[in-house]
Undergrad: 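So that we are looking at the same thing, I have put the structure below in structure tokens.
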Number of protein chains: 2
Amino acid sequence: MTRTILESKTKTAIIGFDQPFCVIGERINPTGRKKLAAELEAGDFSTVEKDALAQVAAGATVLDINAGVVYNSNPNPNETEPPLMRKVIAMVQGLVDVPLCIDSSVPGALEAGLEVAEGRPLLNSVTGEEDRLELVLPLVKKYNVPVVAISNDDTGISEDPDVRFAVAKKIVERAADFGIPAHDIVVDPLVMPIGAMATAGLQVFALVRRLREELGVNTTCGASNVSFGLPNRHGINNAFLPMAMGAGMTSAIMNPVALPVTQTKIEAKKAELASAGVLVPEEMDDETFVTLFGLGSTKPRPGAEMEAIRAANLLTNNDPHGGEWIRFNKPPASASEEATGGRRSRSGGRRRRA
Amino acid sequence: MTRTILESKTKTAIIGFDQPFCVIGERINPTGRKKLAAELEAGDFSTVEKDALAQVAAGATVLDINAGVVYNSNPNPNETEPPLMRKVIAMVQGLVDVPLCIDSSVPGALEAGLEVAEGRPLLNSVTGEEDRLELVLPLVKKYNVPVVAISNDDTGISEDPDVRFAVAKKIVERAADFGIPAHDIVVDPLVMPIGAMATAGLQVFALVRRLREELGVNTTCGASNVSFGLPNRHGINNAFLPMAMGAGMTSAIMNPVALPVTQTKIEAKKAELASAGVLVPEEMDDETFVTLFGLGSTKPRPGAEMEAIRAANLLTNNDPHGGEWIRFNKPPASASEEATGGRRSRSGGRRRRA
């Protein structure tokens with residue numbers, strides 16, 4: 001049974017064939033998040049703090065840390081990213097106790113992260129590109145950490161799954177040359193958008209099975225990529241994750257948190273109610289309002305994907321007595337909880353676990 | 001590519017490896033439905049009528065017909081079930097045009113159904129029990145119809161998946177002796193409740209794969225059985241169906257319809273609103289009320305499982321350009337539809353297709 005061991009100062013997270021699916025929270029990443037990028041350049045860590053707490057509360061057992069901001073004041077990430085990586089990791093480690101995944105394309109930032117991370121973090125990532133292999137594998141060996149191996153190489157990302165398998169195999173073999181065992185390599189077979197490639201799902205399911213059976217490695221992916229460009233992306237992700245787990249995938253880098261209801265949505269609902277003649281007391285607070293009207297919550301809570309993953313843990317015999325499933329679906333204990341954070345509907349969100 | 005062809009008078013439904021998942025609506029069945037049983041004994045077909053229409057509207061492409069009522073006036077089903085089967089089939093055929101699945105443990109009712117069903121119905125079922133094989137396979141041959149083969153035999157239902165596979169194999173071989181081809185056998189590998197047997201999911205996924213690869217047969221199951229006895233059964237079913245499809249399952253006998261909101265639930269919500277000081281106009285009709293307050297609908301609509309199945313069709317390349325997925329998730333066309341039957345929430349129900 002392949003097991004990849006990650007550690008924080010006090011906690012262990014195991015990625016493994018005989019383990020519940022490992023959810024790696026992806027939110028601490030300024031790529032495509034302008035507001036977060038600006039905050040980080042200004043030394044403001046309030047969003048990072050919120051994202052760390054919300055993701056762990058929603059069920060992430062590992063947090064990805066990416067500090068890839070291109071500063072307006074200094075466009076050279078080789079200078080700016082390593083010190084920012086140190087700061088973000090220190091901040092997150094002070095706040096939550098889950099193991100971290102150090103995520104960068106800047107070698108200096110990877111090493112900076114390895115220097116300050118407590119325990120045994122996951123390094124994200126190496127690819128099959130020659131220069132990456134030569135830069136990253138020595139770090140993996142030196143710090144004795146596991147690493148995410150992305151199955152592209154100097155020729156790019158192949159649409160042929162056999163080529164992607166061959167790239168993964170090459171990385172595993174090169175790692176072995178450095179004395180790095182296969183159980184410390186977590187392969188990302190690369191998930192294409194199903195809207196652009198109709199066989200994307202079948203490819204990944206077949207690849208994950210081969211990676212597991214032939215190379216004996218754990219696997220991960222950027223799960224939400226599969227639904228890119230299509231409507232109701234959560235509906236696709238909710239089916240994709242259990243199917244990938246059924247094929248043998250053991251972790252994903254993903255957002256475990258459902259987006260809180262926005263003020264815009266609350267105002268729109270209030271206008272809709274007014275036009276239907278419904279009178280709502282002015283003093284009602286937002287959380288009571290959204291709960292009463294079935295809109296969700298103003299607070300972050302586990303996304304629908306977390307329900308799908310927990311059900312698939314149960315169905316793959318990684319929640320043997322259904323204890324986790326029963327706990328996850330327990331109705332709120334007290335009446336006050338019921339009014340503000342309780343179970344809303346059959347297929348809707350679940351309360352955050354205590 | 002194995003294909004099992006079912007036909008009504010005017011429509012074809014195909015169960016097949018290269019086809020969208022075949023949803024066989026299970027609702028027209030008085031087992032465990034006292035009210036329906038009493039109605040049928042009294043010659044009242046109004047519930048059957050509603051169930052037929054709602055299931056087809058929700059996406060069922062085949063309807064299971066079970067007329068297994070034990071009459072209070074006559075406890076012998078060999079006398080009462082065949083004429084009732086004829087009546088129910090005639091009624092349903094007059095109302096909807098999907099192929100039927102004739103479901104009975106009474107041989108006379110199976111033959112009665114075969115006599116009146118138009119096109120090419122699915123027969124449900126034969127088992128590995130000697131007397132069933134001898135009774136049902138000649139009917140299958142005589143009427144040239146496909147049949148559901150349940151993998152239990154005279155020794156009962158084995159907990160060992162290898163035994164269940166062997167029973168399925170025996171049925172396929174015995175059918176071949178009658179000249180019935182494997183593509184006209186749809187094997188039900190039997191899904192155990194995951195709450196009672198932790199390996200139930202893994203067993204079924206492995207069995208489905210073997211049945212497909214080694215026997216070349218289509219498969220089906222009573223999908224909801226997997227979640228029996230556990231909380232949030234829909235959450236489990238929603239993951240189970242995509243996982244089973246990923247393993248190669250090609251149909252299920254299931255309820256495609258979300259339960260409409262009950263009057264009890266509406267009254268409870270009204271009381272909750274009143275105590276929160278919300279004033280609702282008395283003249284507001286129930287459907288507007290439940291829509292406005294995010295409760296669902298008073299009308300039947302596709303259950304959450306239908307979203308999971310459609311997403312899995314997309315991910316198994318059985319919805320090649322995503323056309324079905326996009327149609328299913330289209331926001332309502334008109335404002336009036338929006339007020340009464342529109343999309344409610346990210347993970348909630350979808351509007352019924354036109």
Side-chain angles (χ1 to χ4, degrees), chain A residues 194-195 198-202 205 226 230-232 234-247 258 272-273 276-281 284 288 292-296 304 307-312 314-317 319-322 325-326 328-330 339 344-350, chain B residues 194-195 198-202 205 226 230-232 234-247 258 272-273 276-281 283-284 288 292-296 304 307-312 314-317 319-322 325-326 328-330 344-350:
Chain A
I194 192 86
T199 56
L202 294 176
F205 306 146
V226 75
L230 286 171
N232 187 16
H234 287 286
I236 299 171
N237 301 347
N238 294 348
F240 174 74
L241 283 160
M243 293 174 90
M245 290 167 71
E272 188 192 353
L273 290 166
V278 176
L279 298 175
V280 180
M284 186 179 287
T288 307
L292 212 50
F293 290 87
L295 292 183
E307 177 173 294
I309 288 171
R310 284 173 186 277
L314 178 64
L315 292 163
T316 52
N317 194 15
D319 178 10
H321 303 286
W325 180 256
I326 290 166
F328 184 67
N329 286 287
K330 222 177 222 171
R344 290 175 313 105
S345 71
R346 212 192 59 207
S347 57
R350 304 278 159 236
Chain B
I194 191 86
T199 56
L202 294 176
F205 306 145
V226 74
L230 286 172
N232 187 16
H234 287 285
I236 299 171
N237 301 346
N238 294 349
F240 174 74
L241 284 159
M243 292 174 91
M245 290 168 71
E272 188 193 354
L273 290 167
V278 177
L279 297 176
V280 181
E283 66 275 15
M284 186 180 287
T288 307
L292 213 48
F293 291 86
L295 293 182
E307 177 173 294
I309 288 171
R310 284 173 185 278
L314 179 64
L315 291 163
T316 51
N317 195 13
D319 178 11
H321 305 285
W325 180 255
I326 290 165
F328 183 66
N329 286 286
K330 224 177 222 171
R344 291 175 312 105
S345 72
R346 212 191 58 205
S347 57
R350 303 279 160 233

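Labels below follow one simple rule: chain letters A, B, ... track the order of the sequence lines, proteins then strands, and each chain is numbered from 1.
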Undergrad: Please look at B/Ala308 and chain A and tell me whether the side chain, the backbone, both or neither of the residue comes under 4.5 angstrom of a heavy atom of that chain.
TA: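 Only the backbone of B/Ala308 comes within 4.5 Å of chain A.
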
Undergrad: Could you work out, with side chain to side chain contact (heavy atoms under 4.5 Å, CB included) as the rule, every residue matching B/Pro281, not counting sequence neighbours?
TA: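 A/Val278, B/Glu283, B/Met284.
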
Undergrad: Do you know which of B/Leu202, B/Leu241, B/Val280 has the most heavy-atom pairs under 4.5 Å to chain A?
TA: B/Leu202

Undergrad: May I ask you to test the B/Trp325-A/Ile236 pair for a side-chain heavy-atom distance under 4.5 Å?
TA: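 Yes, side chains in contact.
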
Undergrad: To the nearest 0.5 angstrom, please state how far the CG atom of A/Leu273 sits from the CZ atom of B/Phe293.
TA: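 Answer rounded to 0.5 Å: 6.0 Å.
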
Undergrad: Heavy-atom pairs under 4.5 Å with chain B are the metric here; pick the option from A/Gly322, A/Ala247, A/Ala276 that has the most.
TA: A/Ala276

Undergrad: Quick check on B/Phe205 against chain A: is it the side chain, the backbone, both or neither that has a heavy atom closer than 4.5 Å?
TA: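 Just the side chain, heavy atoms under 4.5 Å.
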
Undergrad: Do B/Glu307 and A/Asn232 have a side chain donor and acceptor closer than 3.5 Å?
TA: yes

Undergrad: Determine the minimum heavy-atom distance between A/Ala198 and B/Pro320, stating which atoms define it.
TA: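 Heavy-atom minimum between the residues: CB-O, 3.6 Å.
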
Undergrad: B/Ala312 versus chain A, heavy atoms under 4.5 Å apart: side chain, backbone, both or neither?
TA: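 Both backbone and side chain.
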
Undergrad: If you count heavy-atom pairs within less than 4.5 Å of chain B, which of A/Thr316, A/Ile309, A/Thr199 leads?
TA: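 Counting heavy-atom pairs under 4.5 Å, the top option is A/Thr316.
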
Undergrad: Taking all heavy atoms of B/Met243 and all of A/Pro242, pick out the closest pair and write down the distance.
TA: CG-O, 3.3 Å

Undergrad: Shorter than 4.5 Å, heavy atoms on both sides: which option in A/Ala239, A/Ala200, A/Gly201 has the most such pairs with chain B?
TA: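 Counting heavy-atom pairs under 4.5 Å, the top option is A/Ala239.
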
Undergrad: Taking side chain to side chain contact (heavy atoms under 4.5 Å, CB included) as the definition, give me every residue that meets it alongside A/Ile326, ordered by chain and number, with sequence neighbours left out.
TA: B/Leu230, B/Pro231

